[in-house]
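Below is one structure, written out as structure tokens; the observations come after it.
When reading the values below, keep in mind they use all heavy atoms of this one structure, side chains included, and skip hydrogens, waters and symmetry mates. Throughout, numbering of the chain's residues begins at 1 and tracks the sequence. Both ligands and their constituent atoms are indexed starting at 1 by order of listing.
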Amino acid sequence: MTALMASIDPMGDYFSPLKIAAVFVLVLPWLWFVPWAQRDARRTLTPEQLVGGLLLGVGAIGLIVWLALPMFGVGLAIFATLTIGPSLGYLIYRDGKVPAQHRVLTMSHLTSMSARKDARKIKVTTRLKVYDSDGRLAVAPDEEEASIEVKLAYNGAQDLLYDLLSFRASEADLTPVGQEAKLRFLVDGAVTTRPSLDGADSDLIIQHIKLLAGLNADQRRKPQQGQISIDLVNQAIDLIVTTAGTTSGQRLQFRVVQESIQTQLDQLGMSEDVQEKITDANQVGGGLIIVSAPARNGLTSTLYSLLRCHDSFTMQLTTLEAKVAFEQDNVSQHAYGKDPAAMRKLLVSSLRHEPHVVMIDACKDPEAASVIVQAARERLILLGVSATDSFTALAKWAKVCGNATEAMASLKIVLAQVLVRKLCTECREPYRPDPSLLAKANLQAGDIKEFYRTPTKPRLDDKDKPLVDRDGNAIPCPACHGTGYYGRTGVFELLEITNELRELVAAGAALSKIKAACRKNQMLYLQEQALQKVIAGISSVQEVIRVTQPQSKAKAKAKKA
Ligand SMILES: [Zn+2]
């Protein structure tokens, strides 16, 4: 009894410096952990107040009990249990919710934490040759001397650019959201989400890339634009770099400067019939050809490939573009900026040199339209119109002309196009299409044995077992990285302007009548042309629906989502 009494510390002992130190050593990590878990809760979409409240509340009870109990050791054990227990519980819970690379109770995370402590342990990894805005090769940091931040920034930027190229992304976006940065690529015109980056790492990478792109690293808020380039198997790829500040931190965007503008007419994906007709119309002499497409659907590439059908050494070729998209040898190219009036002036002065072919990227100015109509009597004009199909393009052109008869006078053809993604030939999956769907599309079920789609089943190894990585996640197709698509091809709708059509439009006929006349003339609509790509196994029904759906519907759907 006396021994027990003796073991009870008198209250005064709490003021021993050792014990006060012990209290601090245990309380401080707890005070650090609670706000961290609260911020982290956003990642798992758990109410942050609940996480913070529980951890703080239970710990506070432990602390009160500890201070109130006369037995220091017992109190310590109670406090430790009430703080470490719920904290561990939260970590296990959140690890179950976040993607593998963000889990904290894993070997790889713990080793990376200890590696962070020792800068020398971080290996500098160069995967690509990157050149700065002045064309100088970016030098890798010194393995021994460089700070941990410099190495992390260099490696992170290398990984990001390597990832971007291996996905064949045309654009990339790194946006801070809370404690992390969301990474998205635009591949073949569709968004692909990549694993998020840690917010602090993302900031290091952005600062590193800003310096390479010739931007002011201290300017974190105002938008800036610069350029870097990458050497990939002796091919230079230029990237436009844009940075700007958001409420959560810095945002970085990349845009690959496309070389696809060099494509030839027969590589665009036209059916034989369409290619024959457009080639017939694309002859020097009087005439207007309208090429239309929704934004970012290859309009510029098609205009250039039509222009390139003409010999620039024996003929006078001219382009008028808001911004010159691609420098062509021996072609007089003019940029008119954003001012439609500037375009008209440039057009009038270019026509004085009597060019054989004039390519114009867009025309929104009625006066310029009337100059085009006049010029098209003697020379070939290739005109771009932003529209979803050939009928809309025709209506837009008639509207800017203000006079339907004039608009139709020299017009030979309206070509409309969209780009569809091509199925990855490594992993596309054959299936029997639903007969009712075929009937809807006016196709004979007997003629079509199979369609293809993106894979619905996991990839299998030699023993027919699903291919998985160490964490049990399915290993995606190495060719398309699991997107199911590889590259894009054009789908073309060709509206031939016949005399019958000219009369109908001049008389202000309804669209249904105009469409009926085109149908009689064997015209295939965009959706039907796209379906030909599905029948040929090049694309999927889902992809055709995605790109040929009217934009208003797609926008409404996106809003709902
Ligand atoms: Zn694939």
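When each of R168, R421, R546 is paired with D188, the salt bridge (charged side-chain N to carboxylate O under 4.0 Å, His left out) condition holds for R168 and for no other.
Residues passing the side chain to side chain contact (heavy atoms under 4.5 Å, CB included) test with L531, sequence neighbours excluded: A441, L443, V534. Considering only residues two or more places apart in sequence or on other chains, D461 meets the side chain to side chain contact (heavy atoms under 4.5 Å, CB included) condition with K463, K465, L467. Taking the side chain to side chain contact (heavy atoms under 4.5 Å, CB included) definition, one finds that A217 meets it with Q207, L211, sequence neighbours left out.
Panel detail: the Zn ion (ligand 1) has protein N, O or S atoms under 2.8 Å away, 4 in number.
A donor atom on one side chain and an acceptor atom on the other are found under 3.5 Å apart for D173 and T175.
Side chains of M270 and L494 form no contact here, defined as non-hydrogen atoms less than 4.5 Å apart.
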